[in-house]
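Written out below as structure tokens is the structure these notes cover.
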2 protein chains.
Amino acid sequence: MVVSGNQAFKALADPTRREILRLLRQGEMKAGDLAAHFDMTKPSMSHHFAVLREADLIVSRRDGQQIWYALNTTVAQDLIAWLMDVLGDAKQRRGGKNK
Amino acid sequence: MVVSGNQAFKALADPTRREILRLLRQGEMKAGDLAAHFDMTKPSMSHHFAVLREADLIVSRRDGQQIWYALNTTVAQDLIAWLMDVLGDAKQRRGGKNK
DNA sequence: CATAGAGTTAGACAATCGTCTAATTAAATG
DNA sequence: CATTTAATTAGACGATTGTCTAACTCTATG
């Protein structure tokens, strides 16, 4: 885990934040457009963006009045590597050992 | 996500629980032997086992006085599928789209 | 430069979480 | 059956989390 393993896992623990990541699969989006997908105030959404950014799961850039968010795949790759390592092929390994 | 997506993600948010999963990679272990790896009371460890079991990330069986825990790979596979879907190949996808 | 719009920051508050000690359950054994 | 050992359950408590309203920053524009 390169940088923020624990923060990244904690960030993923909230369903709103996972949905934000899902929306960003298709490319970057403005903060306001993201927020429009949720039944929640803008400050609450802003908080979720901050948590995701501090976990390095997203990156942001300002363009005039608006802020664009996009997935940061670097930490994402680390998370997947951790999960695959710990949980991914355990079945095969156990099969080989305990059969 | 088959059953307990949110619970599974929340279970992964704690470093002690992730370490428990890591230890279980090599096969099932007794509750006491797992607990011995941590600087924490047994009731606290028992709580973490319960969270992991409710998230379907581990399974347990009693053998006399002792309880054995093992990884449950079913939900683990779902988690990995989710992560790969949302975060896994975003770089390639964005590259193809926004280049 | 006054106003409006997009977004964040500050601070409060209830709910959830992680840990502890004390009590309890369940199995083994003299 | 009394005691010991392995583990969980119950309940308390401080820390963290997710949400809200109010206030603020920053940019655009008349």
Side-chain angles (χ1 to χ4, degrees), chain A residues 3-24 27-72 75 79, chain B residues 3-24 27-72 75 79:
Chain A
V3 164
S4 48
N6 194 44
Q7 274 183 281
F9 278 112
K10 278 161 67 174
L12 287 179
D14 183 87
T16 298
R17 291 195 288 265
R18 291 198 302 275
E19 179 68 8
I20 291 169
L21 295 176
R22 208 186 57 76
L23 288 167
L24 289 177
E28 60 181 1
M29 289 179 69
K30 289 179 273 185
D33 290 347
L34 275 169
H37 281 79
F38 299 85
D39 183 19
M40 198 175 291
T41 64
K42 287 210 293 183
S44 296
M45 292 302 300
S46 202
H47 162 72
H48 287 307
F49 299 149
V51 171
L52 287 169
R53 198 159 34 71
E54 278 152 31
D56 261 342
L57 285 165
I58 61 176
V59 293
S60 66
R61 67 181 177 85
R62 178 179 279 274
D63 173 29
Q65 236 171 333
Q66 284 148 16
I67 295 188
W68 292 80
Y69 286 105
L71 285 178
N72 170 18
V75 169
L79 285 177
Chain B
V3 164
S4 48
N6 194 44
Q7 274 183 279
F9 278 111
K10 278 162 67 173
L12 287 180
D14 182 86
T16 297
R17 291 195 288 265
R18 291 197 302 275
E19 179 68 8
I20 292 169
L21 296 176
R22 209 186 57 76
L23 287 168
L24 289 176
E28 62 181 1
M29 289 178 69
K30 289 179 272 186
D33 291 346
L34 276 169
H37 281 79
F38 299 85
D39 184 19
M40 196 175 290
T41 63
K42 287 210 294 186
S44 296
M45 291 302 299
S46 202
H47 162 71
H48 288 306
F49 300 150
V51 171
L52 288 169
R53 198 161 34 71
E54 277 151 33
D56 262 342
L57 284 166
I58 62 176
V59 295
S60 66
R61 66 182 177 85
R62 178 179 280 274
D63 173 29
Q65 233 172 333
Q66 285 147 17
I67 295 187
W68 292 80
Y69 285 106
L71 285 178
N72 172 16
V75 169
L79 286 177

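This is a predicted model, so every value here is computed, not measured.
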Of the listed nucleotides (dA10(D), dT8(C), dT19(D)), which one gets closest to any side-chain atom of Pro43(B)? dA10(D)

Separation of dT17(D) P from Glu54(A) CD (nearest whole Å): 11 Å

Nearest of dT8(C), dT19(C), dG18(D) to any side-chain atom of His47(B)? dT19(C)

Quick one: label Met40(A) by what it contacts on the DNA or RNA (base, sugar-phosphate, nothing), any heavy atom closer than 4.0 Å. sugar-phosphate

Nearest nucleotide by nearest heavy atom, which residue falls closer to the 5' end of DNA chain C, Gln65(A) or Met45(A)? Gln65(A)

Rounded to whole angstrom units, what separation is found between the CZ atom of Phe38(B) and the C1' atom of dC20(C)? 17 Å

What's the closest nucleotide to the side chain of Arg62(B) if the choices are dA26(C), dT19(C), dT19(D)? dA26(C)

Separation between NZ of Lys30(B) and CD1 of Ile67(B), rounded to the nearest 0.5 Å: 12.5 Å

Nucleotide dA7(D), atom P - distance to CG of Leu34(B) in whole Å: 9 Å

Whole angstroms only, please: what is the CD1-P distance between Ile67(B) and dA27(C)? 10 Å

Spell out, as yes or no, whether a donor-acceptor pair under 3.5 Å connects the side chain of Arg18(A) to the backbone of Ile20(A). no

If I take atom NZ in residue Lys30(B) and atom P in nucleotide dA27(C), what distance separates them, rounded to the nearest angstrom? 17 Å

Of the candidate nucleotides dT8(D), dT9(C), dG7(C), which contains the atom at the shortest distance from the side chain of Lys42(A)? dG7(C)

I want to check one thing: is the phosphate of dT19(C), taken as OP1 and OP2, less than 4.0 Å away from some side-chain N or O of Ser44(B)? no

Look at Lys10(B) and dC17(C) and indicate whether a side-chain polar atom (N or O) is within less than 4.0 Å of OP1 or OP2. yes

Does Asp33(A) offer a backbone N or O that forms a donor-acceptor pair with the side chain of His37(A) under 3.5 Å? yes

May I ask you to say what Gln66(B) touches in the nucleic acid, namely base, sugar-phosphate or nothing, with a heavy-atom cut-off under 4.0 Å? sugar-phosphate

Would you mind classifying the nucleic acid contact of Arg17(A) as base, sugar-phosphate or nothing, using non-hydrogen atoms under 4.0 angstrom? sugar-phosphate

Gly64(A) vs Thr16(A), nearer the 5' end of DNA chain D by closest nucleotide: Thr16(A)

Using modelled atom types and a 3.5 Å cut-off, is there a donor and acceptor pairing between side-chain atoms of Asn72(A) and backbone atoms of Asp56(A)? yes

Quickly work out the Asp63(B) CG to dA26(C) P distance and round it to whole Å. 17 Å

Expressed in angstrom and rounded to an integer, what is the separation of Phe49(A) atom CZ from dT9(C) atom P? 12 Å

Base, sugar-phosphate, or nothing for Tyr69(B), non-hydrogen atoms under 4.0 angstrom? sugar-phosphate

What distance separates Leu34(B) CG from Tyr69(B) OH, expressed to the nearest 0.5 Å? 8.5 Å

When you measure from the side chain of Arg62(A) to the backbone N and O of Gly64(A), does any donor-acceptor pair fall under 3.5 Å? yes

Which part of the nucleic acid, if any, lies within reach of His48(A) when heavy atoms closer than 4.0 Å are counted: base, sugar-phosphate only, or nothing? sugar-phosphate

Which whole-number value in Å describes the distance from Arg61(B) CZ to dA6(D) C1'? 15 Å

Please tell me if Thr41(A) has a side-chain N or O lying less than 4.0 Å from either OP1 or OP2 of dC20(D). yes

